[in-house]
K.L.:
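Sharing a structure below in structure tokens format, with a few things to ask.
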Amino acid sequence: VQLQACGGGLVQAGGSLRLSCTASGGTISNYDMGWFRQAPGKEREFVAAIMWSGGGTPYGDFVKGRFIVSRDNAKNTVYLQMNSLKPEDTAIYYCATDMTRDLVYRGRYSAAKEYDYWGQGTLVTVSS
């Protein structure tokens with residue numbers, strides 16, 4: 001399966017963006033999904049995950065209620081709604097999966113090494 005994240009761009013601090021992750025060559029509707037981000041010079045960081053069913057949506061500690069992860073399995077798409085963006089949210093955002101249903105259930109969702117399939121990333125730039 002090939003993943004593609006889109007929806008990034010330049011936004012002012014306090015603004016919002018919605019990222020989308022679509023799949024080709026297979027379906028992601030049966031699998032848990034994750035969002036990560038990587039800022040220049042920093043390690044890849046867990047942002048959010050969502051169970052295959054849409055339930056169970058853990059977030060990184062820094063999110064603090066600003067982001068919402070969701071999915072539309074009929075459209076084979078996962079979303080990341082980002083609100084109240086801050087300059088420190090500037091990063092490339094990636095969606096990923098390991099094509100299983102237990103990333104969230106077994107608590108494996110926050111480690112990048114648990115994911116086998118990654119999209120190419122979409123750049124989010126937040127200006128102050």
Side-chain angles (χ1 to χ4, degrees):
V1 64
Q2 291 80 44
L3 303 176
Q4 182 169 354
C6 63
L10 174 64
V11 63
Q12 289 187 332
S16 298
L17 282 174
R18 188 176 81 156
L19 306 184
S20 299
C21 175
T22 58
S24 60
T27 179
I28 56 174
S29 60
N30 294 325
Y31 307 118
D32 292 5
M33 298 292 297
W35 284 97
F36 286 77
R37 70 183 187 181
Q38 189 165 18
K42 295 188 176 181
E43 293 188 354
R44 196 162 293 192
E45 180 180 32
F46 170 72
V47 178
I50 184 166
M51 290 181 70
W52 65 275
S53 61
T57 54
Y59 294 91
D61 291 341
F62 68 89
V63 171
K64 299 188 185 302
R66 299 182 297 127
F67 298 176
I68 300 172
V69 61
S70 62
R71 66 192 303 158
D72 185 337
N73 285 339
K75 294 182 178 180
N76 212 25
T77 301
V78 176
Y79 303 99
L80 183 67
Q81 176 68 44
M82 304 188 297
N83 303 316
S84 301
L85 283 162
K86 305 174 182 180
E88 51 264 44
D89 293 319
T90 294
I92 298 173
Y93 284 71
Y94 300 89
C95 58
T97 184
D98 75 340
M99 298 184 74
T100 71
R101 292 186 174 189
D102 65 359
L103 278 170
V104 175
Y105 176 73
R106 297 194 181 276
R108 302 189 296 113
Y109 52 84
S110 64
K113 65 179 177 66
E114 297 289 346
Y115 295 78
D116 298 318
Y117 302 88
W118 292 81
Q120 87 291 354
T122 185
L123 176 62
V124 172
T125 304
V126 184
S127 63
S128 58

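Reckoned from all heavy atoms, side chains included, excluding hydrogens, waters and symmetry mates.
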K.L.:
Can you run down the salt bridge (Lys or Arg N to Asp or Glu O under 4.0 Å) pairs that involve residues 35-46, sequence neighbours left out, and say none if there aren't any?
P.N.:
R37-E45, R37-D89
K.L.:
Under the salt bridge (Lys or Arg N to Asp or Glu O under 4.0 Å) definition, can you give me all pairs with a residue in residues 113-128, not counting sequence neighbours?
P.N.:
R108-E114
K.L.:
Side chains of D72 and T77: is there a donor and an acceptor less than 3.5 Å apart?
P.N.:
no
K.L.:
Give me the ring orientation class for W118 and Y94: parallel if the planes are under 30° apart, tilted from 30 to 60°, perpendicular past 60°.
P.N.:
perpendicular
K.L.:
Give a yes or no on whether the backbone of V126 and the side-chain of T90 come within a donor-acceptor separation of less than 3.5 Å.
P.N.:
yes
K.L.:
CE/M51 to CG/D102 distance, rounded to the nearest 0.5 angstrom?
P.N.:
9.0 Å
K.L.:
To the nearest 0.5 Å, how far apart are CD in Q81 and CZ in R66?
P.N.:
12.0 Å
K.L.:
Do the side chain of Y105 and the main chain of G56 share a donor and acceptor less than 3.5 angstrom apart?
P.N.:
no
K.L.:
Verify, without hydrogens or angle tests, whether N73 (side chain) and W52 (backbone) share a donor-acceptor contact under 3.5 angstrom.
P.N.:
yes
K.L.:
Under the 3.5 angstrom rule, does the side chain of R101 hit a backbone N or O of S53 as a donor-acceptor pair?
P.N.:
no
K.L.:
State, with a plain yes or no, whether a side-chain heavy atom of V78 is found less than 4.5 Å away from one of T97.
P.N.:
no
K.L.:
Determine whether a donor-acceptor pair (N or O, by modelled atom type, separation under 3.5 Å) exists between the side chain of Y115 and the backbone of Y109.
P.N.:
yes
K.L.:
Checking side-chain polar atoms at under 3.5 Å, does S16 have a donor or acceptor matched by the opposite partner on N83?
P.N.:
yes
K.L.:
I'd like to know if the side chain of Q120 reaches the main chain of A5, judged simply by a donor and an acceptor atom lying under 3.5 Å from each other, with no hydrogens or angles considered.
P.N.:
yes
K.L.:
Considering all heavy atoms of both residues, which atom of P58 and which atom of V104 are nearest to each other, and what is their separation?
P.N.:
CD-CG1, 4.0 Å
